[in-house]
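Please read the structure below before turning to the comments.
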Protein chains: 2
Amino acid sequence: MTKSNKYKQIFEDLSEKIQDGTYKTNSILPSENELTLIYSTSRETIRKALTLLAQKGLIQKLRGKGSLVLDVSRMDFPISGLVSFKELQTSMGRDDIETTVHEFGLINADKHLGSIFDVSDDTEIWNVVRSRRIQGERIILDKSYFLKSEVPLLTKEICENSIYEYLESKLGLPIDFAKKEIIVEECKEEDRRYLDLDEYDHVVVVRNYVHLKNAALFEYTESRHRLDKFRFVDFARRKH
Amino acid sequence: MTKSNKYKQIFEDLSEKIQDGTYKTNSILPSENELTLIYSTSRETIRKALTLLAQKGLIQKLRGKGSLVLDVSRMDFPISGLVSFKELQTSMGRDDIETTVHEFGLINADKHLGSIFDVSDDTEIWNVVRSRRIQGERIILDKSYFLKSEVPLLTKEICENSIYEYLESKLGLPIDFAKKEIIVEECKEEDRRYLDLDEYDHVVVVRNYVHLKNAALFEYTESRHRLDKFRFVDFARRKH
DNA sequence: AAGTGGTCTAGACCACAAA
DNA sequence: TTGTGGTCTAGACCACTTC
């Protein structure tokens, strides 16, 4: 195990055993008391692991009964949360996605970007415009902006692969939370230029605001999708 | 306080104090140890309450520093999770929304509904079709289905107001989690009949699958929105 | 009555941030 | 060094389900 936290180790172990069928769909996991013996730990630690499993949608806790293993195969990719394009790609088993970088470089914030990032004008910002070709058609246009102060170095090569892998693994940026907004807009000139729009005159626009652990916005990405190929899945648990 | 759980009471109390400005944006909450004294409870209970606040996006926990109060005014209504139309209405300060019930009654599940609910054909299901008129225009078409076994009684009057208020407050249904799917579809005949579509030939379709605490699907709703009025906001926190 | 998960306690040690 | 949040423990009592 690589993780240091005991409850995360237990979470990952149970997660694997559910995915590989050791614990089968619609069966009940060993009780919390049994799990304390299996993993030689306290019950609260077991409960932390089970809470994670429930939040991830792998189990359903039933008071008085036990923890029910849910149908994993039915779950679509959970975009809710932060997901890079590369993750999406692999989780959907697609290898036929091509990324083309159309614009890449440093720009100075204008009024619009300045107000989004809450920084003064002429703050340096990375500007990346990419299109995604899926099964031969250019379907998605991604316009990304990163604060240079948080991302000192970026290259075109990195943008052609997964920027997030670079940001998180290499740079170790403490990404914490994101706000997504989904609306539909009329096609603009840039959509017609970079996408195969066919007859469609609207695009689905996903605006993504990504914050670091210090609560500062460090990335803003606008993802423009052709109508017919857009799909968003959200798995949400009832609060309180 | 009405809630029985201590950590929920504390969560609600802190939540109010943040929203009414007792604890100001960008300030630090009293430390966990101080809160144990304020609320006369153990630290783990305080931490449960703070975890809820963090999940709701009201605070940001910073190791070694404290719990930072986030800017509440910036947050849009968090749809992520379960939101009834009525909730949306009030949270956005709109009183000019009219609901019209077009279809209401019991039907027997066909193949399609049967597979969605995972019940045998001819299981009894409530069928409710409603349109939402906002500022004079019919913008949203809601097609809802409820398992009769879980919702014994439903009336047209209830459907004209908030079904969810009825289900949760009156019936006390233990609603637990929901899966949302958002896609774009071409307009169908029912869209043209019940909505003011103007020139639009597509609608945004939100499919909502709502489960009870026993993990059974009890509601399926298809919400069909006119393109130009659709908006979805999601506030997501990084997992582990 | 027995077993399950839900809540709560009073401690302990650790990792991190700031002075 | 001090104070913060993060993790972990061993026990307790409660609410619910099943028998």
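Residue numbers start from 1 in every chain, and the chains themselves are labelled A, B, ... in the order their sequence lines are given, proteins ahead of strands. The structure presented is a predicted model; accordingly, all values stated were derived computationally and were not measured.
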Do nucleotides 10-19 of chain C as a string where each nucleotide becomes B, S or -: B if the base has a protein heavy atom under 4.0 Å, S if just the sugar-phosphate does, - if no protein is that close.
-> B-B--SBSS-
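Dashed line: the shortest gap from a side-chain N or O of B:K6 to OP1 or OP2 of C:dT7 is not under 4.0 Å. Taking 4.0 angstrom as the limit, B:Y7 places none of its side-chain polar atoms (N or O) nearer than this to OP1 or OP2 of C:dC8.
Atom CD1 in B:I46 sits roughly 9 Å away from atom P in C:dT9 (whole-Å rounding). Going from atom CG of A:L35 over to atom P of D:dT9 covers 13 Å, rounded to whole Å. Per the geometry, CD belonging to A:E32 stands 16 Å off P belonging to D:dC16, to the nearest Å. For the pair B:L50 CG and D:dT7 P, the computed distance is 14 Å after rounding to whole Å. Following rounding to the nearest Å, A:K48 (NZ) and D:dC8 (P) show an atom-to-atom distance of 6 Å. One can place CD of A:Q60 at 13 Å from P of C:dG5, the figure rounded to the nearest angstrom. For the pair A:N5 CG and D:dC8 C1', the computed distance is 10 Å after rounding to whole Å. A straight line from CG of B:L53 to C1' of D:dG5 spans 15 Å, rounded to a whole angstrom.
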Pairs of donor and acceptor atoms involving the side chains of residues 105-114 of chain A, under 3.5 Å and at least two apart or interchain, shall be tabulated with distances.
| residue | atom | partner | partner atom | Å |
| --- | --- | --- | --- | --- |
| A:D110 | OD1 | A:H112 | N | 3.2 |
| A:D110 | OD1 | A:L113 | N | 2.8 |

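Judged by distance alone, the side chains of B:E103 and B:N127 do bring a donor and an acceptor atom under 3.5 Å apart. For the residue pair A:R132/A:T99, the side-chain donor-acceptor check at 3.5 Å is satisfied.
Applying the salt bridge (charged side-chain N to carboxylate O under 4.0 Å, His left out) test to residues at least two apart or on different chains, the pairs with a partner in residues 16-25 of chain A are A:D13-A:K17.
Here B:Y7 pairs with nothing under the ring pair (Phe, Tyr, Trp, His ring centres under 6.0 Å) rule; sequence neighbours left out. Applying the salt bridge (charged side-chain N to carboxylate O under 4.0 Å, His left out) test to A:R43 and every residue at least two apart in sequence or in another chain returns A:E32. Listed by chain and residue number, B:T221 satisfy the side-chain hydrogen bond (donor to acceptor under 3.5 Å, both in side chains) test with B:S144 (two or more places apart in sequence, or in another chain).
Positionally, the nearest nucleotide of DNA chain C for A:G66 lies more toward the 5' end than for the other of A:G66 and B:T45.
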